[in-house]
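Residue numbers begin at 1 in each chain, while the letters A, B, ... track the order of the sequences.
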2 protein chains.
Amino acid sequence: MGTVERKEREKESRKESIIDAAQKVFFEKGLLTATMDDIAEHAELAKGTLYLYYRSKEDLYLAVMMRGLVLLRGMFEEVIAQHYSTVRTLAELTNTFVRFFEHHRNYFRMFHFFNTPQFHKQVSEEMMTACDRCNESLWSLATGVLERGRAEGRIRTELRPIEIVIVLWTSASSLMMRIDSQGELFRQKLTVDLEHTLRVSNILLLESVMTDAGKKELSELQS
Amino acid sequence: MGTVERKEREKESRKESIIDAAQKVFFEKGLLTATMDDIAEHAELAKGTLYLYYRSKEDLYLAVMMRGLVLLRGMFEEVIAQHYSTVRTLAELTNTFVRFFEHHRNYFRMFHFFNTPQFHKQVSEEMMTACDRCNESLWSLATGVLERGRAEGRIRTELRPIEIVIVLWTSASSLMMRIDSQGELFRQKLTVDLEHTLRVSNILLLESVMTDAGKKELSELQS
DNA sequence: TGTAGTTTATGACCAACGGTCATTTCATTG
DNA sequence: CAATGAAATGACCGTTGGTCATAAACTACA
């Protein structure tokens, strides 16, 4: 009598196929322009059915965004699995984040709304904590590396590892967000290449949290 | 026959009083929750009248936001007028930005939407360029200081002054934005004091764009 | 296989809201 | 005091997120 289990599986796969549809629509139109009717049509379901599986449009949006977080975490894990030196690992993690931005921009864009104040109110408690957990597990990969670097005397101690992650992540994200939305404007009106700004800024930030030993190793890596 | 001039003045003051009403409502409810009916009521006008003066809700929002930009620019100008040394001026500008965040948080919050991709589409061309100009004039205050610092050999040359401004501004803003929306969460769940993170991160960033001479002067200022 | 009972799906419907426009009100002018 | 033009109004519209009474599909058991 595996009926219950089968139902469970079916429910799960239905949820997934709804996310598939939502992803297509959100990627194409963004949060504000996408409509639930639109998603329902892509999912070949009635609108009401969507609400049996997700509490709100925003919940659905976050469900898609979490796929991006999981993807990025996988990329981070791959880097760490290479067992580079601490300093090199940090540099590679930074580059990986930039690569994620370049290759999976649709997912990256979704991260922005997670920081929008008004956005949170539309989201269910469960989905919010699920996202928080996912985000935390991502950051903890980096804090792990930083702790090792601290023990090795490569990382300065003014900031805790978690604080360093926050600074690096926040600063890189917001610069990439700006590239995404205003990159062309900056290039044309101010002749600024924000991609260049991003690369240099990442290096400067990394340097700024490293001891002299760390800086030395980092600069050797650049060449 | 100053009729035309008087009409012009009246129109201007009507626009201002609409912004007054909009400001009250936006401060209280934010962009998404605030409604045009709400603003109309506060302005003691019919909703249709608002649209005689502003093209859209978003235009109105930006009109309020620009007050914040102007206010901040004034604060920056005051700092510069003190004629501190270049390094000290930069440090003071950074602190001023943080102070603006602390004392005028309602304005600061509005800055966020300016970077939201979907947001731009609802905004009229004129309002957009007006904001751009305002923002530019703000940033150019800082680039001016940085250029002087460069000439004095206090500022590194890997990044152009405008790029440095972008990095400092973007990174500080996004950290403050996070403090605003998730500060308590971080304090409770990760025991992280993001205000502390912000202060240190600002110093690290400043250091990272300075030459040794600049760094020396900066560290003397801290004590 | 038939039927009672339960789960899942549906789409007409609702309320809220941004924005419009025909109509009215007000001010200016000669 | 009309005549003319500008400014203000609010009923109205289309869109959209979300709901819920009803229907369809599926399960379980006799």
For B/D37 and C/dA15, what is the distance between atoms CG and P respectively, to the nearest whole Å? 16 Å
Using only side-chain N and O atoms of B/Y54, determine if any of them is under 4.0 Å from OP1 or OP2 of C/dG19. no
Indicate, yes or no, whether a donor-acceptor pair under 3.5 Å links the base of D/dG18 to the side chain of A/K57. no
Short of 4.0 Å, heavy atom to strand atom, which residues of residues 12-36 of chain A count as contacting DNA chain D? A/A34, A/T35, A/M36
Exercise: do B/T33 and A/Q118 side chains pair donor with acceptor under 3.5 Å: yes
Which label fits A/F108 and A/F101: parallel for a plane angle under 30°, tilted from 30 to 60°, or perpendicular past 60°? perpendicular
Interatomic distance, B/K11 NZ vs D/dA6 P [rounded to whole Å]: 11 Å
More than 12 heavy atoms of other residues, nucleotides or ligands under 6.0 Å from CD of A/E10: is that the case? yes
Whole angstroms only, please: what is the CG-P distance between B/D38 and C/dA16? 13 Å
Rounded to whole Å, the CZ-P distance (A/F119 to D/dG17) equals 13 Å
A/L52 CG - D/dA23 C1' separation (whole Å): 14 Å
Residue mapping more 5' on DNA chain C - nearest nucleotide basis, B/E10 or B/Y51: B/Y51
Taking only residues two or more places apart in sequence, or in another chain, which ones meet A/E12 in a salt bridge (Lys or Arg N to Asp or Glu O under 4.0 Å)? none
Write down the distance between CD (A/E8) and P (C/dT7), rounded to a whole number of angstrom. 13 Å
Separation of A/K47 atom NZ from C/dC13 atom P, in whole Å? 13 Å
Among the candidates C/dT10, D/dG10, D/dG18, find the nucleotide nearest to the side-chain atoms of A/T49. C/dT10
Tell me: CG of B/L50 to P of C/dT20, nearest whole Å? 12 Å
Under 3.5 Å donor-acceptor, B/K11 side chain and B/Y53 backbone: no
Who passes side-chain hydrogen bond (donor to acceptor under 3.5 Å, both in side chains) against B/T197, sequence neighbours left out? A/E163
Charged N-O contact under 4.0 Å between B/R67 and B/E16: yes
